[in-house]
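Order of the sequence lines sets the chain letters (A, B, ...), proteins ahead of strands, with each chain counted from 1.
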Number of protein chains: 2
Amino acid sequence: MKKTRNTQKQDYVIDILTNAKHTMSVEAILKAMPIKVNKTTVYRILERFAEKGKVHFVTGEDGKAYYALCNDCNVKHEMHNHIHFQCKSCKKVTCLPYEIEVPELKDFEVQETQFLMIGICDMCIS
Amino acid sequence: MKKTRNTQKQDYVIDILTNAKHTMSVEAILKAMPIKVNKTTVYRILERFAEKGKVHFVTGEDGKAYYALCNDCNVKHEMHNHIHFQCKSCKKVTCLPYEIEVPELKDFEVQETQFLMIGICDMCIS
DNA sequence: TACACTAAAGCAACTTAGTTGCAATAATAC
DNA sequence: GTATTATTGCAACTAAGTTGCTTTAGTGTA
Ligand SMILES: [Mn+2]
Ligand SMILES: [Mn+2]
Ligand SMILES: [Zn+2]
Ligand SMILES: [Zn+2]
């Protein structure tokens with residue numbers, strides 16, 4: 001295992017994601033930071049956390065990456081195969097407690113999954 | 001229904017997607033064009049086709065949109081809830097003939113789904 | 001065939017998520 | 001305290017996708 005260091009900025013990212021109701025984009029995390037942090041730093045912090053299995057991300061329909069803390073994801077299963085929902089109106093991406101039964105694929109070695117359902121959330125239905 | 005016109009460039013896009021083994025990015029479609037076409041044009045052709053249900057797209061883990069012809073998708077089901085696979089190495093996205101049983105969601109009105117599995121394809125395993 | 005109407009295409013400028021290379025900073029070990 | 005190097009900052013860049021406006025070319029009608 002690589003040597004790692006504990007830093008204030010990493011802690012802030014964890015705090016922010018811990019208190020988040022939804023997954024967050026890098027932009028949103030930056031805005032939530034109590035101190036000024038460079039965006040490259042946040043990208044790299046999240047990259048490291050993702051490698052360690054501390055966070056996971058989904059690519060929204062909009063092509064942006066949305067991050068969330070891994071709670072049970074990697075503990076109970078080696079893959080986090082739960083569903084996500086993205087609202088077309090507010091763009092928020094939510095982790096949902098539904099798990100998908102992933103089929104065995106013949107010609108592909110599956111390492112990760114991203115299950116995204118898209119539509120309108122309750123808050124945005126008018 | 002809006003008035004539409006049949007154009008050579010739209011036909012080329014259909015031809016290219018019909019003969020494609022995998023889903024294609026806009027970049028790939030542009031390269032496959034037998035004549036020079038502006039990228040904005042291709043984006044708009046695909047947008048129109050997607051509205052009509054002629055094509056569907058998946059957002060890859062890389063944040064890029066990958067397009068494919070709709071074959072049975074919208075005929076048999078109102079949503080095309082089949083799985084896609086993206087290879088981390090060659091980035092190719094493939095439509096797979098596996099359908100996902102989508103759960104009823106309480107707080108969300110689902111309109112579309114994007115099921116993506118990520119890993120390494122047979123061709124790229126070394 | 002000529003003409004009108006306007007959908008579709010082209011073009012250039014722009015937006016923005018994410019990346020890269022390198023220099024500066026600071027956490028940790030000794 | 002000092003050395004080591006993981007982490008952060010900075011600036012410049014890449015590339016997907018968008019926007020506003022002009023030009024081109026299908027299609028219906030006379
Ligand atoms: Mn999740
Ligand atoms: Mn598909
Ligand atoms: Zn919403
Ligand atoms: Zn591959």
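Residues forming a ring pair (Phe, Tyr, Trp, His ring centres under 6.0 Å) with Phe57(A) (at least two apart in sequence, or on another chain): Tyr67(A). The side chain to side chain donor-acceptor pair (under 3.5 Å) search around Thr23(B) returns none, not counting sequence neighbours. Checked against side chain to side chain contact (heavy atoms under 4.5 Å, CB included), Glu51(B) has the following partners two or more places apart in sequence or in another chain: Lys2(B), Glu47(B). With sequence neighbours excluded, the residues forming a side chain to side chain contact (heavy atoms under 4.5 Å, CB included) with Lys88(B) are Gln111(A), Glu112(A), Glu61(B), Ile118(B), Ile120(B), listed by chain and number. Residues forming a side chain to side chain contact (heavy atoms under 4.5 Å, CB included) with Thr40(B) (at least two apart in sequence, or on another chain): Asn38(B), Arg44(B). With sequence neighbours excluded, the residues forming a side chain to side chain contact (heavy atoms under 4.5 Å, CB included) with Tyr12(B) are Gln8(B), Asp15(B), Met33(B), Pro34(B), Ile35(B), listed by chain and number.
Rounded to 10 degrees, the angle separating the terminal helix axes of the helix from dT1(C)-dA30(D) to dC30(C)-dG1(D), each built from five base pairs, is 30°.
Atom OH in Tyr12(B) sits roughly 18 Å away from atom P in dA8(C) (whole-Å rounding). Rounded to whole angstrom, the span from the CD atom of Glu61(A) across to the C1' atom of dT18(D) amounts to 16 Å. Rounded to an integer number of Å, the gap from Phe57(B) CZ to dG17(D) P is 9 Å.
When hydrophobic residues (I, L, V, M, F, W, Y) are linked wherever their side-chain heavy atoms come within less than 4.5 Å, Met123(A) remains an isolated member.
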Encode nucleotides 5-16 of chain D as B, S and - characters from 5' to 3', where the letter depends on protein heavy atoms closer than 4.0 Å: B to the base, S only to sugar-phosphate, - to neither.
BBSBBBB----S
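Judged purely by atom type and a 3.5 angstrom limit, Gln86(B) has no side-chain atom pairing as donor or acceptor with the backbone of Thr94(B).
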